[in-house]
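Take a look at the structure below.
Just so you know, ligand 1 is whichever comes first in the structure, and atom 1 is the first atom listed for that ligand. Every heavy atom of this structure was used, including side-chain atoms; hydrogens, water molecules and symmetry mates were not.
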Amino acid sequence: MTTMFHTRSSRLPGFFRLSADERIRAVAAFAGLEASDLDALSSPDGLPQAVAANMSENVVGRFSLPIAFATNFRVNGLDYVVPMVIEEPSVVAAASFAARLLRDVDGIVAVSTEPIMIGQIHFPDPPPEGVLEDVVERHLGELRQCLDKNHPRLIAAGGGFRGARVRRLVDPDGRPLAVVHIHVDVRDAMGANAVNSMAEEAGTLLSEWTGSRVGLRILSNLPIHRRVMVEGRVRLGETAGTSTMPFDEAERIEEASRFAEADPYRAVTANKGIMNGIDAVLLATGQDFRAVEAAAHAFAAYDGRYTALAKWRVEDGYMVGRMDIPLALGTVGGITSIHPAVRANFKILGVREAARFAEVVASVGLAQNLAATRALASEGIQRGHMRLHARTVAAEAGARPEEVPLVVAAMLARERTDARAAREELLRLRDGL
Ligand code: MEV
């Protein structure tokens, strides 16, 4: 059934060999856009000064980072070319490589929950046990009515207030405090604005109804109800291929995964690798990556012990990876409609619903984890990094784009990636030695 909807292919063989202009054209062709639509991505003026000036305070200019595209992604039967903004070498190549491994057995399968965010209303001197609970229960209908009334656009989009619950806590000195959680369906928004204003409105009402002072009123950046579950498989084969993995390699990946599941020191590093991919997409799409980072790590420790977000197991002839992650993302609001490059990247992704977008983002995280774990469990990551580092050094030594691969190959053969080796190899090349 999935292939019925499959109209475009993110398999762009040789994409990495193209010039930047050719890549833009290939992405435009994939996304059905004019290359001119994508000017925002290649132009140094991708973010106009006047737009930048309104995004923050004390603005003096713009700050650039590379934008690249990961290929090969297939999620729930649809293909995606994924924009990634990242300064770290290897990340985009690794994502594309792992997405290739994961695409053949139905691609990555992703399931997401409803986009429910939590707003917190804090009671520093809480009403006695039962009173606040009773007030919230009796006024639930009124609370819904009042909060929804002020957010007609959210209601029109199908979102709105979904419920409330009371949590009783004790502070570090043993004093009681209480929190009311309001649950808000924010649809395609990240939701911070709607939830913050609903929390403030709910605070006023609850204070009136209980006669108690309200403290903070703010969204929680742990969106425990807004999650994406992804699963990807690679077929096991006799040898390593573009879409198969040998059994012993899969076993080493499982071994590495079990290490990360058992040890917080390793889990943080594995999760950092996942966030390499996730954050890169979030930057390219103007998301609040700080919120997503905070949530991911809190969720990794949700059971009281920090662990790996993704798990890999050898199962019935497949290497199977699974990840469950909270993702508060928006396809509307924030800078999604005002930053030209962000707009272009959403057109390329072709996602309008925040949930579909989150499914792609989680898939990139899973793929990134597979690529890193595979490299670590086999040759280590330094070899790949050396190659990319050598490319930069060769270019810095003055190699023209067509000379770079030859200089790099010669440097790697000598196992030297310093500036002097680059200059020597460039001279040898030009002298025809
Ligand atoms: C480096 O940025 C990310 C890795 O350390 C992730 C990992 O160890 O799984 C390679």
Side-chain angles (χ1 to χ4, degrees), residues 16 65-70 72-73 82-102 108 230-234 240 245 248-284 287 289-290 292-301 305-314 319-325 327 361-393 417:
F16 67 98
L65 283 171
I67 165 103
F69 287 92
N72 298 330
F73 275 91
V82 181
M84 298 177 83
V85 168
I86 187 155
E87 87 300 344
E88 184 175 328
S90 300
V91 170
V92 178
S96 306
F97 169 80
R100 175 75 187 95
L101 278 176
L102 290 165
I108 296 169
V230 276
E231 181 178 307
R233 337 184 134 236
V234 185
M245 179 182 279
D248 57 337
E249 187 172 294
E251 273 195 318
R252 284 198 297 273
I253 291 173
E254 173 169 336
E255 198 175 82
S257 176
R258 288 179 185 274
F259 172 24
E261 290 161 46
D263 177 17
Y265 287 89
R266 169 62 203 145
V268 171
T269 319
N271 291 344
K272 187 273 182 186
I274 291 171
M275 301 316 286
N276 274 345
I278 289 184
D279 283 346
V281 189
L282 301 187
L283 276 168
Q287 304 294 307
F289 56 92
R290 290 84 58 203
V292 173
E293 278 279 347
H297 296 290
F299 185 64
R305 193 179 57 86
Y306 189 96
T307 187
L309 286 165
K311 297 180 178 45
W312 293 90
R313 291 290 182 272
V314 177
M319 169 93 278
V320 185
R322 296 188 181 90
M323 182 170 73
D324 180 359
I325 187 167
L327 284 172
V361 170
S363 301
V364 176
L366 185 73
Q368 207 73 57
N369 183 243
L370 174 60
T373 312
R374 181 185 162 277
L376 289 166
S378 51
E379 60 171 17
I381 53 166
Q382 283 312 95
R383 234 179 114 90
H385 279 185
M386 290 268 281
R387 197 171 307 123
L388 287 159
H389 172 66
R391 237 165 56 178
T392 312
V393 177
T417 55

Min N/O separation N369 to ligand 1 under 3.5 Å | no
With a cut-off of 4.0 Å, which atoms of ligand 1 are near a heavy atom of L376?
-> 7 (C), 8 (O), 9 (O)
What is the minimum heavy-atom distance between L102 and G232, and which atoms define it?
-> CD2-C, 3.7 Å
Go through ligand 1 atom by atom and flag the ones less than 4.0 Å from a non-hydrogen atom of K272.
-> 1 (C), 2 (O)
What pairs with E261 under salt bridge (charged side-chain N to carboxylate O under 4.0 Å, His left out), at least two apart in sequence or on another chain?
-> R313
Ion pair present between E231 and R233, side-chain N to carboxylate O less than 4.0 angstrom?
-> yes
Is there a heavy atom in R266 that sits closer than 4.0 Å to ligand 1?
-> yes
Taking only non-hydrogen atoms of A270 and a 4.0 Å limit, the atoms of ligand 1 in range are 9 (O)
Carboxylate-amine/guanidinium proximity below 4.0 Å for E251 and R258 = no
Note: R252 and A377 closest approach over all heavy atoms is NE-O, 3.0 Å
Part of N276 within contact of ligand 1 (heavy atoms, under 4.0 Å) | side chain
Output the list of atoms in ligand 1 that are nearer than 4.0 Å to some heavy atom of E88, sorted by atom number.
-> 1 (C), 2 (O)
Closest contact, heavy atoms only, A296 versus I325 = CB-CD1, 4.2 Å
